[in-house]
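What follows is a set of notes on a single structure, which appears directly below.
Note that the coordinates shown come from a computational prediction; the quantities given were computed from them, not determined experimentally. Just the heavy atoms: all of them, side chains too, but no hydrogens, waters or symmetry mates, feed the values below. Protein chains get the first letters and strands the later ones, always in sequence-line order, with residue 1 at the start of each.
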Number of protein chains: 2
Amino acid sequence: METLDGAHKIDGDSCNISDTGDTGEAINDSIIDSIACATNLDNDRIGELIERGTIRKVYGTDSELWQFHKGTSGIEAGTVVLCGESPEVYNGFPKIRRALMLDACIKNHFRNVDLVAVEEKMNGYNVRVVRVGGEVMAFTRGGFFCPYTTQKARQLLDMTFFKEHSDLVLHCEMVGPHNPYVPKDVYDVESVAFYIFDIRHKGSGIPLSVGQRHEFINQYDLLSVRLFGTYSINDAAPQIWEIIKRLGPDGREGVVIKDPMMVEVPIKYTCSQSNCTDLAHAFSYYHDYGQDFLYSRVVREGYQTVEWDESDVEFKERCLRLGESMLGSMAETIRKKQHGDDIYEDIQIKTDHKTAREFQIHLRRMGIGVLFKDGVKQEDGEYIFQIKKLRMSTNDKTDSILSGDVW
Amino acid sequence: METLDGAHKIDGDSCNISDTGDTGEAINDSIIDSIACATNLDNDRIGELIERGTIRKVYGTDSELWQFHKGTSGIEAGTVVLCGESPEVYNGFPKIRRALMLDACIKNHFRNVDLVAVEEKMNGYNVRVVRVGGEVMAFTRGGFFCPYTTQKARQLLDMTFFKEHSDLVLHCEMVGPHNPYVPKDVYDVESVAFYIFDIRHKGSGIPLSVGQRHEFINQYDLLSVRLFGTYSINDAAPQIWEIIKRLGPDGREGVVIKDPMMVEVPIKYTCSQSNCTDLAHAFSYYHDYGQDFLYSRVVREGYQTVEWDESDVEFKERCLRLGESMLGSMAETIRKKQHGDDIYEDIQIKTDHKTAREFQIHLRRMGIGVLFKDGVKQEDGEYIFQIKKLRMSTNDKTDSILSGDVW
């Protein structure tokens with residue numbers, strides 16, 4: 001059954017797969033049957049997608065989980081399928097499109113809606129937390145099982161939610177200094193925290209309304225991303241500009257604008273300062289990330305200055321901020337190399353030794369070169385592990401240019 | 001015979017192709033024979049490259065000319081082959097690599113050389129002028145025959161050069177306000193002019209030394225790009241920084257650094273202002289060009305500020321210049337669209353009606369959408385034709401965003 005955002009619903013009745021045994025071939029067949037049944041794609045197609053590597057085994061768990069590495073046939077990238085007798089689908093989170101001319105975009109995009117809910121878009125890592133069989137697990141945006149995020153989710157979220165609502169998936173932004181993916185100090189979070197921004201049904205991917213979501217969040221004492229308010233379509237843009245102008249200098253990212261009933265898909269809009277912070281991060285590792293981040297962020301700045309009809313002073317501030325974000329961090333990286341230092345990203349996690357070891361294996365499996373330092377014990381019995389993510393491409397390129405190679 | 005820059009020399013004796021007649025098949029065979037013989041590639045390979053579109057017919061002339069649309073098998077992109085009884089090769093101009101850390105790069109790249117010649121890199125259009133059979137023709141960098149450039153070259157260059165040195169190819173920068181490819185007002189050129197920066201042998205692509213080139217230029221009263229001087233390897237970088245700092249504010253592009261004997265391949269180095277002017281142009285048509293131009297220019301700025309060890313004030317000036325170059329021109333484009341104007345690039349040529357018509361066909365063949373206005377007669381009997389190059393992708397994208405579409 002096609003749903004609003006192109007996800008697929010499990011037809012419960014027809015999806016009871018009988019276990020066909022334990023031998024290699026048989027398991028393969030039963031996996032193909034499970035995924036086919038769960039996604040409403042046919043077996044040949046699933047076989048093809050596995051062969052091409054579009055569908056891959058999820059490692060690091062004992063459950064028979066398979067992930068969609070890319071989006072295909074209306075299924076979002078990052079979708080995870082639990083194979084077995086009762087296959088389940090944990091849909092990848094659909095990409096949220098971006099407004100550039102905010103006022104026009106709200107009026108156009110939400111033309112069938114009277115009001116929009118404006119929520120904070122937090123700058124963290126988008127994770128899904130879900131009950132898989134008897135266990136709660138956390139998956140990254142790409143559909144990887146993350147042992148660290150899973151341990152933190154089990155520690156920080158009320159597990160009774162998942163027992164009582166095993167058909168729901170929590171979509172959270174994991175934020176805080178001990179988030180190893182996007183470490184940030186701008187939120188009032190000591191280690192890590194999970195802020196819920198969406199709750200969706202397994203299988204269909206259909207989201208709860210904003211109101212229903214907040215009821216659940218209150219009931220289970222979960223954290224919610226901030227709801228700034230609900231505005232009429234005509235008032236929304238000016239209200240959001242005010243919000244954005246407050247959030248920017250605080251180092252916060254921006255907002256997501258939602259149909260309160262979640263029938264229309266949300267759109268996002270971000271602060272100039274956040275664009276620039278992203279660019280600064282990207283240009284610290286300019287040869288690993290620079291190119292991917294650059295163009296779209298410059299374009300956002302161009303539209304924002306026009307829509308805000310900025311004065312010459314404001315415009316020059318924006319231009320300087322944009323230029324400095326790139327050149328400042330890049331220059332720092334080159335100077336580090338000139339002084340003989342390697343270029344890496346410092347991250348940290350706070351966990352036990354077993355999870356740290358599993359997380360290290362997880363990063364290695366993702367192809368990320370890391371150096372772990374021994375953990376330092378904390379008062380609560382957990383350990384802080386300092387991790388250096390090596391940025392090999394930037395290291396190598398900078399070495400080469402400093403030693404006189406041509407570009 | 002492999003030459004320095006990977007081009008191929010014609011073996012004169014073995015390249016006399018007998019004309020095999022006038023029918024379709026036969027002509028194809030004789031063309032394949034010609035190109036194979038001229039390039040030292042085998043016939044099957046040439047057949048394959050023609051089939052793939054890597055080698056294509058050059059349109060707009062009566063000569064049997066074929067161009068290498070992409071570089072392949074050691075042959076530069078843009079290489080043109082004259083087919084027939086005595087096939088000839090007009091090599092594509094080899095890409096000049098760029099220095100980012102200038103001092104280290106000169107010392108590394110020219111380690112087998114005592115002195116380097118420093119010449120101006122002019123910001124125009126790189127064209128080759130060459131005698132093809134009995135006629136002088138001009139080819140663009142990509143190996144297209146340009147009727148307008150050809151007419152101007154015949155008008156402005158001393159044709160006896162080509163009679164007396166039919167084995168040489170003039171590599172020129174076509175500059176001036178009536179250069180339709182890269183119109184610039186920064187040079188003291190009223191209409192267009194051809195500045196020679198290289199003279200190379202047909203077939204082998206081997207360049208004359210800097211000295212030999214200047215002898216020819218003087219002898220035939222041609223124009224040369226400016227030679228700033230010849231410097232020792234240790235002095236070169238500081239001398240070039242001085243030059244670059246003078247050229248930048250004048251809107252000029254930069255320098256090319258050459259082994260005077262032209263045994264080592266040249267390298268280039270450009271002014272920050274020129275990077276920014278390029279970006280400003282690119283972001284006027286941000287959805288046509290923005291992405292291609294962006295990353296490499298930001299990287300150049302990053303290295304230059306580090307190598308020049310800039311003060312905080314100089315660094316901020318650079319950042320502002322970089323940011324303004326992009327956002328200023330992009331904002332202007334968006335505002336134009338807001339006022340209902342279309343986004344196009346104004347160019348002009350000064351020529352006769354026949355050439356203008358041929359040039360129009362040439363542009364159409366290149367897939368460039370243009371609007372020609374009737375020519376306005378000049379005192380010298382030529383006409384100025386105003387041409388609008390439409391920038392469809394930027395037009396369409398800006399319309400879409402202004403009307404409220406998401407990015």
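- Interface residue L322(B): only side-chain heavy atoms are found under 4.5 Å from chain A.
- Counting heavy-atom pairs under 4.5 Å between each of H287(B), K268(B), H109(B), R321(B) and chain A puts H287(B) at the top.
- Residues Q338(B) and E307(A) are not in side-chain contact: their nearest non-hydrogen atoms beyond the backbone lie 4.5 Å or more apart.
- No side-chain donor-acceptor contact under 3.5 Å links R98(A) to the backbone of V406(B).
- Contact of the M326(B) side chain with the V298(A) side chain is registered, since non-hydrogen atoms from C-beta on lie closer than 4.5 Å.
- In terms of modelled atom types and a separation under 3.5 Å, the side chain of Y303(A) and the main chain of I401(B) share no donor-acceptor contact.
- Among the candidates V299(B), D103(B), I267(B), the residue making the largest number of heavy-atom pairs closer than 4.5 Å to chain A is V299(B).
- Heavy-atom pairs under 4.5 Å with chain A were tallied for Y295(B), W407(B), Y286(B), F283(B); the largest tally goes to Y295(B).
- Using a 4.5 Å cut-off between heavy atoms, T305(B) contacts chain A through both its backbone and its side chain.
- With a 4.5 Å cut-off on non-hydrogen atoms, K107(B) does not touch chain A at all.
- Contacts of T398(B) with chain A are made by both backbone and side-chain atoms, with heavy-atom separations under 4.5 Å.
- Heavy atoms of M330(B) lying under 4.5 Å from chain A belong exclusively to its side chain.
- Interface remark: of the candidates C105(A), A104(A), C319(A), S325(A), C319(A) forms the most heavy-atom pairs closer than 4.5 Å to chain B.
- Counting heavy atoms from C-beta on, the side chains of F315(B) and E324(A) come closer than 4.5 Å.
- Residue E301(B) comes nearest to L327(A) through the heavy atom pair CB-CD2, 3.7 Å, listed as atom of the first residue, atom of the second, then distance.
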